[in-house]
Amino acid sequence: MSAVERGSRRLNDGAASGPHPLRSRLSGPVEEAARALLRARLVREDSSGLRVGRVVEVEAYDGPADLASHARFGRHGRTARNAVMFGPAGVAYVYLVYGMYDCLNVVSGIEGEASACLIRAIEPVHGIEPMRAARLANALSRRRSRETNSRLTEERLARLPVERLASGPGLVTAALGIDRSLNGLDLLDPTSPLRLEPAPDSSEAAEDRSREVGTSPRLGIDYAGPPWTELPWRFYLADSPALSGPRGTR
DNA sequence: GCAAAGATTTGCT
DNA sequence: GCAAATCTTTGCC
């Protein structure tokens with residue numbers, strides 16, 4: 001076997017690797033991409049170990065015509081920030097919102113389309129304590145926490161239920177240690193330090209598949225105006241305790 | 001070069 | 001329930 005052939009095989013199962021199981025659906029219409037992301041595993045592998053979450057809430061953003069999308073900027077095309085949105089499906093688009101929180105999107109559709117899905121919440125599956133530690137480090141890095149009472153912040157986070165560790169777009173990135181340095185990363189590459197994997201073929205995943213999908217308008221996009229504020233482009237597993245809140249539909 | 005606003009979260013009233 | 005925190009990006013002068 002040549003080095004190239006070895007590189008095209010999975011490290012652990014030895015089977016030939018075909019196209020990524022999510023690639024086809026992520027390359028389709030953005031609503032289908034959003035539904036494909038529900039139940040998928042978001043996997044973070046770095047110096048603090050392995051962290052895995054089940055995607056339970058996403059929002060679809062449909063390219064430059066969608067006035068709620070960052071792809072609408074750039075009168076004559078793309079801007080420095082939204083450039084990766086115009087790339088192929090499966091690329092990470094990470095941006096800073098409100099000067100404080102990083103948000104993770106998965107680029108979808110075909111190249112040049114610039115549609116993407118915002119990961120709004122995950123249910124922690126593995127690496128709970130590293131997630132909690134990352135949330136704490138993130139909270140303490142903010143001036144507000146330092147000036148008020150870091151002891152209280154610490155105690156609150158220590159008691160925070162597992163399903164609240166990543167129950168919002170800014171909390172997903174905090175729990176998994178995701179920032180803008182990961183912008184442009186290929187989430188469909190099984191060797192990426194941040195990647196997407198299909199729900200495993202197990203009884204646990206069978207339960208996942210029976211969970212109902214709910215939809216609602218997207219949150220926090222009043223600036224876009226109708227019809228964009230009305231489209232039911234937020235998708236979530238209806239029974240999840242990890243949905244974003246308190247503003248979210250719980 | 002400058003002003004305005006933002007795909008959020010938290011803590012206090 | 002409301003407003004502050006915080007800083008990058010964008011559009012316009």
Side-chain angles (χ1 to χ4, degrees), chain A residues 30-31 33-34 37 55 57-85 92-108 114-122 131 134-161 163-176 178-181 183 215-236 242-250:
Chain A
V30 70
E31 291 176 74
L37 285 168
V55 177
E57 181 181 344
V58 300
E59 278 174 357
Y61 289 85
D62 196 24
D66 179 354
L67 294 188
S69 172
H70 289 175
R72 74 187 186 278
F73 292 116
R75 200 67 187 81
H76 302 290
R78 60 200 77 180
T79 67
R81 181 175 65 168
N82 70 20
V84 304
M85 296 182 81
Y93 167 51
V94 186
Y95 69 93
L96 183 69
V97 72
Y98 294 109
M100 269 174 290
Y101 303 100
D102 287 293
C103 293
L104 171 68
N105 295 255
V106 181
V107 174
S108 66
S115 59
C117 298
L118 171 68
I119 307 293
R120 287 194 61 94
I122 63 175
M131 289 191 201
R135 280 289 309 276
L136 179 61
N138 183 275
L140 294 181
S141 73
R142 277 178 256 126
R143 193 200 303 178
R144 189 185 223 181
S145 284
R146 271 176 277 150
E147 284 179 350
T148 53
N149 191 338
S150 63
R151 183 72 211 165
L152 278 183
T153 302
E154 204 166 330
E155 287 171 1
R156 239 195 321 270
L157 264 167
R159 264 195 288 274
L160 196 66
E163 65 271 17
R164 298 271 92 187
L165 284 175
S167 59
L171 305 181
V172 170
T173 56
L176 295 185
I178 297 167
D179 62 28
R180 283 162 292 162
S181 71
N183 191 46
T215 65
S216 82
R218 295 171 292 180
L219 307 180
I221 57 149
D222 286 351
Y223 58 84
W228 313 106
T229 44
E230 334 246 295
L231 298 171
W233 282 359
R234 169 174 173 256
F235 301 84
Y236 54 91
L243 301 183
S244 62
R247 196 170 59 187
T249 306
R250 305 282 311 282

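Just so we're on the same page: letters track the sequence lines, and every chain starts at 1.
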Original post:
Does C:dT8 have a Watson-Crick or wobble partner in any strand here, with both distances under 3.5 angstrom, and which is it?
Top reply: B:dA5

Subject >> Integer-rounded Å distance: B:dT10 P and A:N138 CG >> reply: 9 Å

Original post:
Contact class for A:S145 vs. all strands (heavy atom < 4.0 Å): base, sugar-phosphate, or nothing?
Top reply: nothing

**OP:** Could you say whether A:A68 or A:T148 is positioned toward the 5' end of DNA chain B, judged by the nucleotide with the nearest heavy atom to each?
**Re:** A:A68

Original post:
Aromatic ring centroids of A:H70 and A:Y61 under 6.0 Å?
Top reply: no

**OP:** Would you please confirm or rule out a distance under 4.0 Å between OP1 or OP2 of B:dT10 and any side-chain N or O of A:R135?
**Re:** yes

**OP:** Side chain of A:P169 only, please: which of C:dT10, B:dT9, C:dC7 is the nearest?
**Re:** B:dT9

Original post:
In whole Å, what is the span from the CG atom of A:L157 to the C1' atom of B:dT10?
Top reply: 11 Å

Original post:
Does B:dA7 have A:Y95 stacked on its base, where the ring centres are within less than 5.5 Å and the planes differ by under 30°?
Top reply: no

**OP:** Consider the side chain of A:L96, meaning its heavy atoms from C-beta on, and name the nucleotide among B:dA7, C:dC7, C:dG11 that approaches it most closely.
**Re:** C:dC7

Subject >> Residue among A:I119, A:V106, A:L118, A:N105 satisfying side-chain contact (heavy atoms from CB on, under 4.5 Å) with A:V58 >> reply: A:I119

Original post:
Picking from B:dA7, C:dG11, C:dT8, which would you name as closest to the side chain of A:F73?
Top reply: C:dG11

Original post:
Is there a side-chain polar atom (N or O) of A:R81 under 4.0 Å from OP1 or OP2 of C:dT10?
Top reply: yes

**OP:** On DNA chain C, check which nucleotide each of A:R180 and A:M100 is closest to and give me the residue with the more 5' one.
**Re:** A:M100

**OP:** Mind checking the CZ-CZ spacing from A:R180 to A:R81? Nearest 0.5 Å is all I need.
**Re:** 10.5 Å

Subject >> Gap between atoms CG and P, on A:N82 and C:dG11 respectively (whole Å) >> reply: 9 Å

Subject >> Rounded interatomic separation in angstrom, taking CG from A:L171 and C1' from B:dA7 >> reply: 14 Å

Subject >> Rounded C1' spacing from B:dA7 to C:dG1 in Å >> reply: 22 Å

Original post:
Below 4.0 angstrom from OP1 or OP2 of B:dA7, is there any side-chain N or O of A:Y223?
Top reply: yes

Original post:
Closest heavy-atom contact between A:R135 and A:L165?
Top reply: NH1-O, 2.9 Å

**OP:** Could you tell me the separation between the CD atom of A:E154 and the P atom of B:dG11, rounded to a whole number of Å?
**Re:** 14 Å

Original post:
Does A:L136 reach the side chain of A:E154, with side-chain heavy atoms less than 4.5 Å apart?
Top reply: yes

Original post:
Distance between the P atoms of C:dT6 and B:dC2, in whole angstroms?
Top reply: 23 Å

Original post:
Is the shortest side-chain N/O distance from A:R156 to OP1 or OP2 of B:dG11 below 4.0 Å?
Top reply: yes

**OP:** Please state how far atom CG in A:L152 lies from atom P in B:dT9, giving the value in whole angstrom units.
**Re:** 21 Å

**OP:** Would you kindly give the CZ-to-C1' distance between A:R72 and B:dA5, to the nearest whole Å?
**Re:** 10 Å

Original post:
Any side-chain donor-acceptor pair under 3.5 Å between A:S115 and A:S108?
Top reply: yes

**OP:** Can you tell me the distance, in whole Å, between the CZ atom of A:R142 and the P atom of C:dA5?
**Re:** 14 Å

Subject >> A:Y101 over B:dT8, stacked by centroid distance under 5.5 Å, angle under 30° >> reply: no

**OP:** Compare side-chain N and O positions of A:H70 against OP1 and OP2 of C:dT9 and report whether any pair is under 4.0 Å apart.
**Re:** no

Original post:
Within the pair A:R143 and C:dA4, is there a side-chain N or O less than 4.0 Å away from OP1 or OP2?
Top reply: no

